[in-house]
**Student:** 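Quick one: structure below, then a few questions.
All chains are named by letter (A, B, ...) in the order of the sequence lines, taking the proteins before the strands, and each is independently numbered beginning at 1.
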Amino acid sequence: MATNTKTDAVAPAVPGTASNFLRDKIVEDLKTKKYGDAVIQTRFPPEPNGYLHIGHAKAICLDFGLADEFAGRTNLRFDDTNPEKEEQEYVDSIMADVRWLGFEWDGLYYASDYFDQLYEWAIKLIKDGKAYVDDLTADEIREYRGTLTESGRESPYRNRTVEENLDLFTRMAKGEFPDGSRVLRAKIDMASPNMNMRDPVMYRILHASHHRTGDKWCIYPMYDYAHGQSDSIERVTHSMCTLEFTDHQPLYRWYIEQLGIFPSQQIEFDRLNLTYTLLSKRRLLQLVNEGHVRGWDDPRMPTICGIRRRGYTPEAIRNFVWAVGVSRTNGIVDLAMLEHFVREDLNKRAPRAMAVLRPLKVVIDNYPEGQVEELDAINNPEDPSAGTRKVPFSRELYIEQDDFREVPPPKYFRLSPGREVRLRYAYIVKCTNVVKDEKTGEVVEVHITYDPETRSGSASANRKVKSTIHWVSAAHAVNAEVRLYDTLFSKEDPSQVEAGKDFTSNLNPNSLEMVSDAKLEPSLASAVPGSRCQFERLGYFCVDPDSVAGKSVFNRTVALKDTWAKIVSKAGS
RNA sequence: UGGGCGGUCGACUAAUGGUAGGUCAAGUGCCUUUGGAGCACUUUGUCCAGGUUCGAAUCCUGGCCGCCCAGCCA
């Protein structure tokens with residue numbers, strides 16, 4: 001099948017043209033030559049302690065997309081200042097995900113590349129009397145910090161001499177002191193209403209091996225002490241981050257000003273939130289660890305790898321991000337918006353095929369036994385260049401159980417006794433009678449007759465019928481497993497929980513439905529993992545890597561819009 | 001309740017003192033050999049109260065509501 005799908009091609013990012021405040025800011029800075037003739041420089045700064053998710057995709061599109069738009073540059077910089085949580089595995093997956101999304105970085109850096117420079121700058125701040133070694137314990141520091149409404153108190157170690165601070169700090173770096181025994185703090189203002197300015201910790205002692213610097217260091221810089229300077233070293237002009245860092249901006253600037261280095265500027269934007277979705281590393285990790293999902297790349301996960309396995313395309317994600325836009329308000333985007341953009345993309349390029357998820361046997365009583373016709377089917381009505389294929393048709397078929405009702409409800413146009421429908425790409429057929437299970441009364445076989453004059457494409461095929469249904473020839477059908485997904489959570493905002501419960505109580509028990517014996521048209525037999533197609537009338541599907549020779553596994557990426565389902569739910573309500 | 005940041009259709013987002021527009025969702029109709037796709041049309045909005053102004057979503061004042069901050073996490 002989908003070997004002709006233009007999958008995962010690295011297409012250029014096409015940012016939306018709608019105005020947004022980040023673009024406006026860049027335009028203004030360019031106009032006023034805030035950075036002279038320097039090009040726009042951005043960076044995407046993930047911490048390598050987890051997998052990227054759709055929220056990061058927004059940041060990636062903004063960081064790379066906006067720089068691209070202004071012929072600027074974007075670095076990928078791993079914010080690896082905490083050796084206890086960071087691993088190479090995450091570094092590799094992050095690089096793969098960024099590339100899959102369609103972006104390529106100009107420079108690849110690590111905050112740890114700057115540990116030497118950061119250390120020298122710490123020495124300078126000490127010499128300038130702007131940093132000191134504090135012997136208070138973590139608990140004491142917290143106590144001295146004060147609260148949101150009361151100012152803090154100065155540490156008794158705050159006024160050590162430069163010489164003593166220098167001695168202590170260099171010995172901290174040499175490993176003379178145990179973890180947690182001392183920290184280096186910036187000397188700013190313990191009475192600041194901004195907690196971040198109450199003598200923030202710059203360095204802590206951590207006798208831990210770092211994924212890149214090994215055992216060279218036993219002191220590690222804090223995020224605030226590392227981030228702005230890293231930006232500055234890379235001459236980042238627009239350092240975009242999410243809203244929760246707004247309060248850190250004064251500190252970001254303070255370090256840069258005290259050091260007199262390149263004045264990178266931080267600009268905050270709102271995080272992406274999605275209905276029925278949780279986007280926090282901690283909770284995602286919990287879902288994986290507690291086995292609520294099968295792993296980081298479970299197709300129900302909002303991780304980039306999960307979404308990829310689900311069958312989403314990078315183009316769909318990028319289009320979604322630009323459509324959602326960016327601002328400084330905390331909102332929650334309707335999942336339907338994301339689904340719209342996958343459908344839009346896949347509709348244009350996913351080849352069509354016929355597949356029956358819940359088979360119901362159909363016998364065409366007046367069709368010659370043993371006869372097989374190879375019918376022409378269109379691969380993609382939206383794309384004539386996708387061509388056609390042959391689909392075998394014979395006396396015994398499978399149709400979808402849903403496509404037959406012994407007693408049709410109002411507005412039901414599919415097959416039922418005495419009614420006519422068209423079999424897609426084949427004939428108009430009429431239901432003559434049904435065979436039921438003696439015990440259960442369930443319809444197990446449907447008998448129909450066909451009108452040989454109505455073969456698709458023939459001159460006399462124009463008779464109108466109320467509906468067209470899909471089918472698969474029983475003798476030629478390929479068996480497959482199909483996994484149908486619903487939202488992972490059943491609450492629009494999964495973080496809203498009853499007292500005493502946690503977010504896992506909002507898990508949707510029906511988020512995964514396994515269909516083990518779906519019947520596919522034979523052209524689907526050789527589908528390779530990752531390839532996508534539309535099962536006509538059902539939705540977009542992609543081949544899962546769990547597939548083995550002879551038994552394909554398909555994931556439903558997203559269902560087609562379903563007008564009938566709407567009619568049913570309206571009638572029911 | 002100290003500080004910071006916000007509040008525009010159901011959702012997201014434009015309008016930068018001068019016609020409140022777009023996308024998604026919802027609805028109606030057209031079309032259709034996918035109840036898909038497409039097309040057309042429609043409904044719904046400036047948090048509240050004052051003020052400035054010829055004119056306010058936009059500026060001012062005062063409220064109300066929401067989010068973030070007290071890691072040696074990022």
Side-chain angles (χ1 to χ4, degrees), chain A residues 16 18-21 24 45-47 49 79 81-82 84-85 134 136-138 141-143 145-152 179-185 192-198 201-206 220 222-224 226-227 241-250 268 270 272 275 281 320 322-341 343-344 347-348 352 354 378 381-382 411-414 421-426 428 454 456-457 461-470 534-539 559-567:
Chain A
S19 167
N20 75 55
F21 78 100
D24 293 348
E47 181 186 13
N49 72 340
D79 225 326
T81 55
N82 186 344
E84 296 182 323
K85 303 200 298 184
D134 196 347
L136 253 27
T137 66
I141 286 180
R142 185 180 316 117
E143 199 186 317
R145 185 155 33 225
T147 69
L148 294 178
T149 51
E150 304 159 46
S151 75
D179 287 4
S181 58
R182 290 178 226 265
V183 292
L184 183 71
R185 299 178 75 176
S192 172
N194 181 344
M195 296 300 251
N196 296 115
M197 302 300 274
R198 319 244 263 229
V201 173
M202 294 166 58
Y203 273 94
R204 74 281 214 185
I205 301 173
L206 247 28
Y220 291 93
M222 298 288 290
Y223 164 85
D224 284 306
H227 202 98
C241 63
T242 44
L243 248 27
E244 68 271 24
F245 291 99
T246 304
D247 287 346
H248 295 244
Q249 204 187 121
E268 311 86 12
D270 60 338
L272 175 68
T275 55
K281 279 187 196 173
F320 165 73
W322 291 112
V324 162
V326 59
S327 71
R328 294 176 64 92
T329 62
N330 309 84
I332 182 160
V333 176
D334 196 335
L335 224 211
M337 174 102 64
L338 214 211
E339 294 184 335
H340 163 81
F341 284 98
R343 289 196 189 98
E344 180 189 67
N347 177 50
K348 283 183 296 194
R352 317 286 135 122
M354 291 196 286
I378 295 166
E382 306 292 322
K411 293 185 186 164
Y412 184 88
F413 302 140
R414 282 115 92 158
V421 297
R422 173 173 291 281
L423 294 178
R424 179 78 158 151
Y425 299 123
I428 290 177
T454 58
S456 235
N462 292 327
R463 217 166 89 217
K464 299 280 184 202
V465 285
K466 280 281 199 179
S467 100
T468 298
I469 65 174
H470 61 276
Q534 182 197 98
F535 289 171
E536 292 214 34
R537 304 209 302 131
L538 297 177
L560 253 27
K561 285 209 273 187
D562 189 345
T563 307
W564 172 242
K566 242 177 230 175
I567 293 170

**Student:** Establish, with yes or no, whether the OP1 or OP2 oxygen of B:rA11 is under 4.0 angstrom from a side-chain nitrogen or oxygen of A:Thr275.
**Tutor:**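 The answer is no; no side-chain N or O of A:Thr275 sits under 4.0 Å from OP1 or OP2.
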**Student:** Find the distance A:Phe413:CZ to B:rU33:P and express it as a whole number of Å.
**Tutor:**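 So the CZ-P distance, A:Phe413 to B:rU33, works out to 15 Å.
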**Student:** Rounding to an integer number of angstrom, what distance separates B:rC24 and B:rC59 when you compare their P atoms?
**Tutor:**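 Their P atoms lie roughly 30 Å apart.
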**Student:** With a 3.5 Å cut-off and heavy atoms only, can you find an N or O donor on one side and an acceptor on the other between the side chain of A:Glu344 and the base of B:rG38?
**Tutor:**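 No, the side chain and the base share no sub-3.5 Å donor-acceptor pair.
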**Student:** Does A:Arg424 have a side-chain nitrogen or oxygen under 4.0 Å from the phosphate oxygens OP1 or OP2 of B:rU33?
**Tutor:**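 No, because none of the side-chain N or O atoms of A:Arg424 sits under 4.0 Å from OP1 or OP2 of B:rU33.
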**Student:** Polar pairs (N or O, both sides) under 3.5 Å between protein and nucleotides 65-68 of chain B?
**Tutor:**
residue : atom : partner  : partner atom : Å
B:rC67  : O2'  : A:Asn330 : ND2          : 3.4

**Student:** To the nearest angstrom, how far is A:Arg328 atom CZ from B:rU8 atom P?
**Tutor:**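 These atoms are roughly 15 Å apart.
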**Student:** From B:rA14, B:rG4, B:rC72, pick the nucleotide closest to the side chain of A:Thr246?
**Tutor:**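 Of the options given, the side chain of A:Thr246 lies nearest B:rG4.
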**Student:** Could you list the residues that satisfy side chain to side chain donor-acceptor pair (under 3.5 Å) with A:Ser181, not counting sequence neighbours?
**Tutor:**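 Partners of A:Ser181 by the side chain to side chain donor-acceptor pair (under 3.5 Å) criterion come out as none, since no residue qualifies.
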**Student:** Is a donor-acceptor contact shorter than 3.5 angstrom present between the side chain of A:Arg142 and the base of B:rG71?
**Tutor:**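 Side chain to base: no pair below 3.5 Å.
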**Student:** Whole Å only: how far is the CG atom of A:Leu538 from the C1' atom of B:rA37?
**Tutor:**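 In whole Å, B:rA37 C1' lies 15 Å from A:Leu538 CG.
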**Student:** Roughly how many Å apart are B:rA11 and B:rG17, using the C1' atom of each and rounding to a whole number?
**Tutor:**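 Going atom to atom, C1' in each nucleotide, I get 29 Å.
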**Student:** Is there a side-chain polar atom (N or O) of A:Ser327 under 4.0 Å from OP1 or OP2 of B:rU13?
**Tutor:**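 So the side-chain polar atoms of A:Ser327 do come within 4.0 Å of the phosphate oxygens OP1 or OP2 of B:rU13, strictly under.
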**Student:** If you measure from the P atom in B:rG21 to the same atom in B:rG27, how many Å do you get, rounded?
**Tutor:**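 Comparing P positions in B:rG21 and B:rG27 gives a spacing of 23 Å.
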**Student:** Ignoring the backbone of A:Thr147, work out which of B:rA70, B:rA14, B:rU33 is nearest its side chain.
**Tutor:**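 Comparing B:rA70, B:rA14, B:rU33 against the side chain of A:Thr147, the answer is B:rA70.
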**Student:** Counting just side-chain N and O atoms, does A:Thr468 come under 4.0 Å of either OP1 or OP2 of B:rU32?
**Tutor:**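 No, A:Thr468 has no side-chain N/O under 4.0 Å of OP1/OP2 on B:rU32.
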**Student:** Any idea which of B:rC72, B:rC73, B:rC24 is nearest the A:Lys85 side chain?
**Tutor:**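 The listed nucleotide nearest to A:Lys85's side chain is B:rC73.
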**Student:** So, is A:Lys566 near the phosphate of B:rG27, with a side-chain N or O under 4.0 Å from OP1 or OP2?
**Tutor:**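 It does, given that an N or O in the side chain of A:Lys566 lies less than 4.0 Å from OP1 or OP2 of B:rG27.
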**Student:** Sub-3.5 Å donor-acceptor pair from the side chain of A:Thr275 to the main-chain atoms of A:Leu335, do we have one?
**Tutor:**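 Yes.
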**Student:** Could you please name the option among B:rA25, B:rU34, B:rC69 that lies closest to any side-chain atom of A:Leu148?
**Tutor:**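 The closest nucleotide is B:rC69.
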**Student:** State which of B:rU34, B:rA74, B:rG35 makes the closest approach to the side chain of A:Gln534.
**Tutor:**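 Looking only at side-chain atoms, A:Gln534 lies closest to B:rU34.
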**Student:** Between P on B:rC69 and CD on A:Gln249, what's the gap in Å once rounded to a whole number?
**Tutor:**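 Value for this atom pair: 17 Å.
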**Student:** Look at the side chain of A:Asp24 and decide which nucleotide, out of B:rG10, B:rA74, B:rA15, has an atom nearest to it.
**Tutor:**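 Looking only at heavy atoms from C-beta outward on A:Asp24, the closest nucleotide is B:rA15.
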**Student:** What pair of heavy atoms forms the shortest contact from A:Asp79 to A:Glu47, and how long is it?
**Tutor:**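 Closest approach of A:Asp79 to A:Glu47: O-CG, 3.5 Å.
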**Student:** I'd like to check the salt bridge (charged side-chain N to carboxylate O under 4.0 Å, His left out) partners of A:Glu268; sequence neighbours left out, ordered by chain and number.
**Tutor:**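 Once residues adjacent in sequence are excluded, the partners of A:Glu268 under the salt bridge (charged side-chain N to carboxylate O under 4.0 Å, His left out) criterion are A:Arg328.
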**Student:** Expressed in whole Å, how much space separates the P atoms belonging to B:rC67 and B:rU8?
**Tutor:**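 Comparing P positions in B:rC67 and B:rU8 gives a spacing of 14 Å.
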**Student:** Counting only side-chain N and O atoms of A:Arg145, is one of them less than 4.0 Å from OP1 or OP2 of B:rC72?
**Tutor:**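 For B:rC72, OP1/OP2 do have a side-chain N/O of A:Arg145 under 4.0 Å.
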**Student:** Can you find a side chain N or O atom of A:Arg422 that sits less than 4.0 Å from OP1 or OP2 on B:rU32?
**Tutor:**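 So the side-chain polar atoms of A:Arg422 never come under 4.0 Å of the phosphate oxygens OP1 or OP2 of B:rU32.
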**Student:** Are the side chain of A:Asp134 and the backbone N or O of A:Val183 linked by a donor-acceptor pair below 3.5 Å?
**Tutor:**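 Flag not set: sc A:Asp134 to bb A:Val183 has no pair under 3.5 Å.
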**Student:** Give a yes or no on whether the backbone of A:Glu536 and the side-chain of A:Arg352 come within a donor-acceptor separation of less than 3.5 Å.
**Tutor:**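 Such a contact is absent between A:Arg352 side chain and A:Glu536 backbone.
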**Student:** Identify which nucleotide among B:rA70, B:rG7, B:rA26 has an atom closest to any side-chain atom of A:Thr329, counting heavy atoms from C-beta outward.
**Tutor:**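 That would be B:rG7.
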**Student:** Between B:rU33, B:rA74, B:rG35, which one does the side chain of A:Ser456 approach most closely?
**Tutor:**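 For A:Ser456, the side-chain atoms sit closest to B:rU33.
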**Student:** Angle class for the A:Phe245/A:Tyr223 ring planes (parallel below 30°, perpendicular above 60°, tilted otherwise)?
**Tutor:**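 Rings of A:Phe245 and A:Tyr223: tilted, as their planes differ by 30° to 60°.
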**Student:** Between A:Thr563 and B:rG36, does any side-chain N or O lie under 4.0 Å from OP1 or OP2?
**Tutor:**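 For B:rG36, OP1/OP2 do have a side-chain N/O of A:Thr563 under 4.0 Å.
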**Student:** Taking all non-hydrogen atoms of both residues into account, name the closest pair between A:Glu150 and A:Arg198 and its distance.
**Tutor:**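 The pair with the smallest heavy-atom distance is O-NH2, 2.8 Å.
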**Student:** Using modelled atom types only, decide if a donor and an acceptor are shared between the side chain of A:Arg204 and the backbone of A:Gly180 within a distance under 3.5 Å.
**Tutor:**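 No.
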**Student:** How close or far is atom C1' of B:rC72 from atom CZ of A:Arg198, stated in whole angstroms?
**Tutor:**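 After rounding, the reported distance stands at 17 Å.
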**Student:** Distance check: side-chain N/O of A:Lys281 vs OP1/OP2 of B:rA74, anything under 4.0 Å?
**Tutor:**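 A:Lys281 to B:rA74 OP1/OP2: no side-chain N or O under 4.0 Å.
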**Student:** Could you tell me how far apart A:Arg185 (CZ) and B:rG71 (C1') are, to the nearest whole angstrom?
**Tutor:**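 It is 12 Å, rounded to the nearest whole Å.
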**Student:** Expressed in whole Å, how much space separates the C1' atoms belonging to B:rU58 and B:rA14?
**Tutor:**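 The answer is 13 Å between these two C1' atoms.
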**Student:** Quick one: A:Leu272 CG to B:rU13 C1', roughly how many Å, whole number?
**Tutor:**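 Whole-Å distance recorded here is 13 Å.
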**Student:** Taking syn as within 90° of 0 and anti otherwise, name the glycosidic form of B:rG71.
**Tutor:**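 What B:rG71 shows is a syn base, its glycosidic angle lying within 90° of 0.
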**Student:** Would you measure the distance from the C1' atom in B:rC48 across to the matching atom in B:rG66 and give it in whole Å?
**Tutor:**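 Comparing C1' positions in B:rC48 and B:rG66 gives a spacing of 15 Å.
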**Student:** Hey, does the side chain of A:Arg343 reach the backbone of A:Gly539 with a donor-acceptor pair shorter than 3.5 angstrom?
**Tutor:**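 No; zero donor-acceptor contacts below 3.5 Å.
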**Student:** Does A:Ser151 have a side-chain nitrogen or oxygen under 4.0 Å from the phosphate oxygens OP1 or OP2 of B:rG2?
**Tutor:**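 For A:Ser151, the contact criterion (side-chain N or O under 4.0 Å from OP1 or OP2 of B:rG2) is not met.
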**Student:** Looking at A:His340, does any N or O in its side chain come under 4.0 Å of the phosphate oxygens OP1/OP2 on B:rC24?
**Tutor:**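 Yes, within the criterion.
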**Student:** In which ranges does RNA chain B form stems of 3 or more consecutive Watson-Crick or G-U pairs, distances under 3.5 Å?
**Tutor:**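 Expected stems, ordered by start: B:2-7 with B:64-69, B:10-13 with B:21-24, B:26-30 with B:38-42, B:47-51 with B:59-63.
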**Student:** Rounding to the closest angstrom, what is the interatomic distance between B:rC47 and B:rC41 at atom C1'?
**Tutor:**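 These two C1' atoms come out 31 Å apart once rounded.
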**Student:** Apply salt bridge (charged side-chain N to carboxylate O under 4.0 Å, His left out) to A:Arg463 and list each qualifying residue two or more places apart in sequence or on a separate chain.
**Tutor:**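 For A:Arg463 the salt bridge (charged side-chain N to carboxylate O under 4.0 Å, His left out) partners, ignoring immediate neighbours, are A:Glu420, A:Asp451.
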**Student:** Is the shortest side-chain N/O distance from A:Lys466 to OP1 or OP2 of B:rU33 below 4.0 Å?
**Tutor:**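 Answer no for this pair, as no side-chain N or O of A:Lys466 is under 4.0 Å from OP1 or OP2.
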**Student:** Going by salt bridge (charged side-chain N to carboxylate O under 4.0 Å, His left out), name the residues that satisfy it together with A:Glu244, two or more places apart in sequence or in a different chain.
**Tutor:**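 For A:Glu244 the salt bridge (charged side-chain N to carboxylate O under 4.0 Å, His left out) partners, ignoring immediate neighbours, are A:Arg271.
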**Student:** Between B:rG36 and A:Arg352, is there an OP1 or OP2 to side-chain N/O distance shorter than 4.0 Å?
**Tutor:**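 No, because none of the side-chain N or O atoms of A:Arg352 sits under 4.0 Å from OP1 or OP2 of B:rG36.
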**Student:** Is the phosphate of B:rG35, meaning OP1 or OP2, less than 4.0 Å from a side-chain N or O of A:Arg537?
**Tutor:**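 Yes, such a contact exists.
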**Student:** Between A:Ser192 and A:Met197, is there a donor-acceptor pair closer than 3.5 Å when you use the side chain of the first and the backbone of the second?
**Tutor:**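 No, because the side chain of A:Ser192 does not come within donor-acceptor range (under 3.5 Å) of the backbone of A:Met197.
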**Student:** Choosing from B:rC24, B:rG35, B:rU13, which nucleotide comes nearest the side chain of A:Asp270?
**Tutor:**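 So the side chain of A:Asp270 is nearest to B:rU13.
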**Student:** Between B:rG36, B:rU23, B:rG6, spot the one nearest the side chain of A:Lys561, thanks.
**Tutor:**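 Out of B:rG36, B:rU23, B:rG6, the nucleotide with an atom closest to A:Lys561's side chain is B:rG36.
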**Student:** When the C1' atoms of B:rG50 and B:rA26 are compared, how many Å lie between them, rounded to an integer?
**Tutor:**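 It comes out at 37 Å once rounded to the nearest Å.
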**Student:** Could you tell me the separation between the CD atom of A:Glu339 and the P atom of B:rC12, rounded to a whole number of Å?
**Tutor:**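 The answer, rounded to whole Å, is 17 Å.
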